Protein chains: 2
Amino acid sequence: MIIEEPRKPARTTTEEKILEVARKQFLNKGYTATKTRDIASLAGINLALMNYYFRSKENLFEIIMSEKIDELFTGVLPVLNDTQTSLEEKLVLLSEHYTDMLLRSPGLPIFVLNEIQKNPERFGRQIRFKTEVMRSEYIRQLAEADPNNEPVSHLITYLGMLIFPFFMKPVMQATGALREDGFSAMVLTRKQLAPIWMKNIIGIS
Amino acid sequence: MIIEEPRKPARTTTEEKILEVARKQFLNKGYTATKTRDIASLAGINLALMNYYFRSKENLFEIIMSEKIDELFTGVLPVLNDTQTSLEEKLVLLSEHYTDMLLRSPGLPIFVLNEIQKNPERFGRQIRFKTEVMRSEYIRQLAEADPNNEPVSHLITYLGMLIFPFFMKPVMQATGALREDGFSAMVLTRKQLAPIWMKNIIGIS
DNA sequence: GTCTATAGAGGGATAGAC
DNA sequence: GTCTATCCCTCTATAGAC
């Protein structure tokens with residue numbers, strides 16, 4: 001009879017602390033500008049210990065990157081694939097999902113898409129776009145609504161409505177066009193409007 | 001009588017060659033991942049000479065960055081401020097401007113917005129968003145069309161329609177969802193459709 | 001597991017000859 | 001203007017003691 005190993009709460013301490021710091025550093029500075037020394041010192045340890053847990057900077061980065069790609073893309077697959085919800089309901093769910101999530105992680109899209117662009121063949125494959133997204137219930141319903149619809153283009157349009165404001169956030173704030181709360185307010189209004197806009201565009205095709 | 005100095009074609013050679021290479025390197029790799037040694041060797045010279053022309057990497061970068069911000073943002077100000085064109089015409093002109101320009105420089109948006117995010121206070125000011133864009137004829141016409149319109153939000157929506165596909169390009173191609181010519185075709189179709197979509201959204205508000 | 005110390009490579013910048 | 005040689009700092013990674 002096999003006895004399960006009990007959870008070791010000790011392991012959460014240092015290892016998870018490093019991951020936590022690394023997440024923040026990579027997200028804010030990108031891969032090259034992030035220094036292992038900074039991660040170590042911010043985690044309250046030193047370089048050698050960081051390499052004891054994660055063999056290299058690259059390795060640590062791949063772990064974080066994989067997490068973040070999931071956060072940005074893979075997370076919505078259940079919504080897209082749900083056969084119980086209508087197209088209209090999916091539009092609302094997507095808007096809510098992205099708006100709420102990105103208000104918590106405004107820097108996520110620019111980080112992920114920038115690093116993918118610098119290394120497409122390495123990270124691109126993780127996004128099961130062709131297999132998972134293009135064959136989803138969402139795409140099927142889109143084609144059903146109007147056979148002339150170009151599904152990929154429409155998906156990009158909608159993601160743009162939801163995500164692009166977060167690309168512009170630093171610009172808006174640095175130029176003084178929008179303060180922090182002004183930006184949140186705008187995005188929350190858009191959360192309501194985006195599904196309506198998009199429904200209309202789909203109708204138009 | 002002042003005699004104008006003749007253009008010195010000699011100066012275009014080395015200095016412009018360095019700029020040309022630096023543009024490509026910074027654009028593809030970002031600031032930190034770009035190495036001055038690479039710029040020099042790709043320009044067919046050496047490090048010392050590069051520092052003779054441009055005092056430092058930072059200095060060279062600021063020049064390129066300034067150029068690129070202009071390319072992405074400042075370039076459309078004449079369109080936005082034209083009192084001779086209708087709102088509808090401006091939508092068409094913006095769509096044409098961005099689509100054609102970004103097909104030539106697909107990596108421009110992600111480079112500029114990523115570097116601005118890493119250093120907002122430094123580069124943000126160059127974009128005269130609050131003073132030039134927000135007081136433009138375009139914004140006035142938008143408010144005229146419907147007083148309930150939220151001009152900033154609508155501008156972001158439209159820029160998203162035109163620019164966001166280029167953020168997704170590496171993802172589309174790495175996942176095999178779209179080949180190179182498939183992407184161009186999609187974007188060219190969108191060039192026609194985006195103004196129509198947007199006109200409709202403005203009507204809805 | 002956690003540390004100190006250091007190897008080893010790479011990067012930006014400059015001195016100084018031509 | 002353009003080069004070679006080199007300084008000097010920073011960064012990643014590892015050896016080895018505790």
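Note that the structure is a prediction, hence the values are computed from the model and not measured. Lettering of chains follows the sequences in order, A, B, ..., and the numbering in each one begins at 1.
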Item to check | Set of residues satisfying side-chain contact (heavy atoms from CB on, under 4.5 Å) with respect to Pro78(B), sequence neighbours excluded | outcome: none
Checklist entry - Stepwise, does the salt bridge (charged side-chain N to carboxylate O under 4.0 Å, His left out) test hold for Lys199(A) with Glu88(A)? => result CA-CA 7 Å; Lys199(A) 221 175 57 176; Glu88(A) 205 172 328; 3.1 Å; yes
Checklist entry - What residues form a salt bridge (Lys or Arg N to Asp or Glu O under 4.0 Å) with Lys90(B), not counting sequence neighbours? => result none
Checklist entry - Phe54(B): what forms a ring-ring contact (aromatic ring centres under 6.0 Å, His included) with it, not counting sequence neighbours? => result none
Checklist entry - Side-chain N or O of Asn46(B) less than 4.0 angstrom from OP1 or OP2 on dT2(D)? => result no
Checklist entry - Residues in ring-ring contact (aromatic ring centres under 6.0 Å, His included) with Tyr138(A), at least two apart? => result none
Next on the checklist: Which residues pass the ring-ring contact (aromatic ring centres under 6.0 Å, His included) test with Phe129(B), not counting sequence neighbours?
Outcome noted: none
Checklist entry - How long is the line joining CZ of Phe54(A) and C1' of dT14(D), in whole Å? => result 18 Å
Item to check | Under the ring-ring contact (aromatic ring centres under 6.0 Å, His included) test, residues paired with Phe183(B) that sit two or more places apart | outcome: Phe166(B)
Next on the checklist: From CD1 of Ile39(B) over to P of dG10(C), roughly how many Å is that when rounded to an integer?
Outcome noted: 18 Å
Item to check | For Ser184(B), all residues meeting side-chain contact (heavy atoms from CB on, under 4.5 Å), sequence neighbours excluded | outcome: Leu103(B), Glu180(B)
Checklist entry - Which of residues 18-33 of chain B sit near DNA chain C, with a heavy atom under 4.0 Å from it? => result none
Checklist entry - By salt bridge (Lys or Arg N to Asp or Glu O under 4.0 Å), which residues pair with Arg55(A), not counting sequence neighbours? => result none
Item to check | Protein-nucleotide distance (Lys35(B), atom NZ; dA9(C), atom P), rounded to Å | outcome: 16 Å
Next on the checklist: My understanding is that only residues two or more places apart in sequence, or in another chain, count here; which of them pass salt bridge (Lys or Arg N to Asp or Glu O under 4.0 Å) with Arg122(B)?
Outcome noted: Glu58(B), Glu62(B)
Checklist entry - To the nearest angstrom, how far is Asn59(A) atom CG from dT14(D) atom P? => result 12 Å
Checklist entry - Among side-chain atoms of Arg190(A) and Ser95(A), is any donor-acceptor pair under 3.5 angstrom? => result no
Polar atoms only, N or O, under 3.5 Å: list the protein pairs with nucleotides 13-18 of chain C and their distances.
| residue | atom | partner | partner atom | Å |
| --- | --- | --- | --- | --- |
| dA13(C) | OP2 | Lys57(B) | N | 2.9 |

Checklist entry - Looking at five pairs on each end of the helix from dG1(C)-dC18(D) to dC18(C)-dG1(D), what is the angle between the two axes, given to 10 degrees? => result 10°
